[in-house]
**Q** 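One structure coming up, written as structure tokens, with questions to follow.
These values consider heavy atoms only, across backbone and side chains, with no hydrogens, waters or symmetry-generated copies. Since we're looking at a predicted model, the values are computed, not measured.
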Amino acid sequence: MALMRTDPFRDLDRWTQQVFGTAARPAVMPMDAWRDGEHFIIEFDLPGVQADSLNLDVERNMLTVRAERPGLDQNREMLSAERPRGVFSRQLFLGENLDTDKIEASYHDGVLRLTIPVAEKAKPRRIEINHDGQKTAINA
């Protein structure tokens with residue numbers, strides 16, 4: 001039997017960090033990723049984020065996506081404030097089989113879409129095999 005420790009204040013703190021985020025601990029952003037032929041597609045949900053607040057960096061196959069949704073106007077009397085505000089960040093490790101020099105990014109209707117091509121060196125290729133003086137091609 002495993003020993004489980006619960007700390008409701010720690011769980012609440014973790015939840016508020018995820019939802020609201022801070023510069024030190026940015027909130028996460030929902031993501032979908034899939035392969036479409038010779039490309040990997042990644043989409044991030046960022047409704048209400050201005051395109052000029054988006055920042056994409058790739059360093060040694062580590063992709064970092066950062067965005068910011070401004071805080072609430074202090075002059076408003078809010079009746080409800082459920083949408084997360086502040087800094088959003090996500091880091092993804094991109095495998096060697098992707099061509100990080102050719103990433104394309106677009107932002108439309110609150111969705112950031114990255115299209116990353118498969119690197120040429122990672123694509124399947126055919127290798128010729130000599131067998132009794134005849135060449136036979138096989139897939140590698």
Side-chain angles (χ1 to χ4, degrees):
M1 179 175 185
L3 176 65
M4 293 184 62
R5 184 181 79 176
T6 59
D7 180 352
F9 296 107
R10 186 173 140 201
D11 293 340
L12 177 62
D13 183 52
R14 183 180 306 132
W15 178 80
T16 57
Q17 291 294 333
Q18 288 175 346
V19 172
F20 299 110
T22 64
R25 289 187 167 187
V28 296
M29 56 188 81
M31 172 190 86
D32 288 336
W34 66 94
R35 183 170 179 165
D36 185 9
E38 299 298 319
H39 294 87
F40 278 89
I41 312 295
I42 305 171
E43 289 184 340
F44 299 93
D45 282 348
L46 295 165
V49 170
Q50 296 297 319
D52 60 357
S53 82
L54 296 171
N55 188 6
L56 298 172
D57 290 311
V58 176
E59 183 177 341
R60 294 189 193 153
N61 289 10
M62 180 64 70
L63 171 70
T64 303
V65 180
R66 289 181 57 88
E68 186 172 352
R69 183 180 296 128
L72 297 172
D73 182 353
Q74 298 299 325
N75 296 324
R76 290 184 184 159
E77 181 181 338
M78 296 299 295
L79 301 175
S80 178
E82 297 178 1
R83 294 175 32 195
R85 311 247 183 245
V87 177
F88 299 85
S89 181
R90 189 79 185 249
Q91 286 191 315
L92 300 173
F93 178 75
L94 303 177
E96 296 290 329
N97 62 334
L98 299 178
D99 190 346
T100 58
D101 291 333
K102 295 183 182 174
I103 294 176
E104 294 179 9
S106 63
Y107 185 62
H108 183 68
D109 290 339
V111 177
L112 173 63
R113 176 181 262 217
L114 305 179
T115 303
I116 310 169
V118 173
E120 287 296 323
K121 64 183 178 185
K123 293 180 182 177
R125 55 187 165 69
R126 295 180 69 83
I127 299 172
E128 301 274 336
I129 298 175
N130 288 322
H131 178 68
D132 294 334
Q134 297 180 351
K135 290 185 177 180
T136 304
I138 64 166
N139 289 328

**Q** Starting at CG of Leu63, measure out to CZ of Phe93 and round the result to the nearest 0.5 Å.
**A**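 One finds 11.5 Å between CG of Leu63 and CZ of Phe93.
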**Q** How long is the span from the CG atom in Asp36 to the CD atom in Glu38, to the nearest 0.5 Å?
**A**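 Output value for this atom pair is 10.0 Å.
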**Q** Does anything in residues 40-53 pair up under salt bridge (Lys or Arg N to Asp or Glu O under 4.0 Å), and if so which pairs, sequence neighbours excluded?
**A**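 Those involving residues 40-53 are Glu43-Arg113.
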**Q** Distance check, rounded to the nearest 0.5 Å: Leu56 atom CG versus Arg66 atom CZ?
**A**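 Atom-to-atom, Leu56:CG and Arg66:CZ are 11.5 Å apart.
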**Q** Do you reckon Met31 sits in the same ILVMFWY cluster as Leu46, going by side-chain contacts under 4.5 Å, direct or chained?
**A** yes
**Q** Indicate if Met62 and Leu54 have the same hydrophobic cluster label, given that clusters are the connected sets of ILVMFWY residues with side-chain heavy-atom separations under 4.5 angstrom.
**A**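 Unlinked, Met62 and Leu54 end up in two clusters.
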**Q** What's the shortest heavy-atom distance between Lys102 and Pro117, and which atoms?
**A**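 Heavy atoms of Lys102 and Pro117 come nearest at O-CD, 3.4 Å.
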**Q** Once you round to the nearest 0.5 Å, how far does NE2 of His39 lie from CG of Asp99?
**A**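 Answer rounded to 0.5 Å: 9.5 Å.
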**Q** Report yes or no: does Asn61 contribute a side-chain atom to a donor-acceptor pair with the main-chain N or O of Leu94 at less than 3.5 Å?
**A**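 Looks like yes, one N/O pair under 3.5 Å.
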**Q** Hey, mind stepping through Leu114 and Phe40 against side-chain contact (heavy atoms from CB on, under 4.5 Å) and telling me if it holds?
**A** CA-CA 8 Å; Leu114 305 179; Phe40 278 89; over 6 Å; no
**Q** To the closest 0.5 Å, what do you measure between OH (Tyr107) and OG (Ser53)?
**A**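 Tyr107 atom OH to Ser53 atom OG measures 7.0 Å (nearest 0.5 Å).
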**Q** Locate the shortest heavy-atom distance separating Ala119 from Glu96; write the atom from each residue and the value.
**A** CB-O, 4.3 Å
**Q** Nearest 0.5 Å please: distance from the CD1 atom of Ile42 over to the CG atom of Leu98.
**A** 8.0 Å
**Q** Are Val118 and Arg35 close enough, and set up right, to give a side-chain contact (heavy atoms from CB on, under 4.5 Å), and what steps lead you there?
**A** CA-CA 9 Å; Val118 173; Arg35 183 170 179 165; 3.5 Å; yes
**Q** Apply the test side-chain contact (heavy atoms from CB on, under 4.5 Å) to residues Met29 and Val49: give CA-CA distance (whole Å), side-chain angles for both, the deciding distance (0.1 Å), then the verdict.
**A** CA-CA 11 Å; Met29 56 188 81; Val49 170; over 6 Å; no
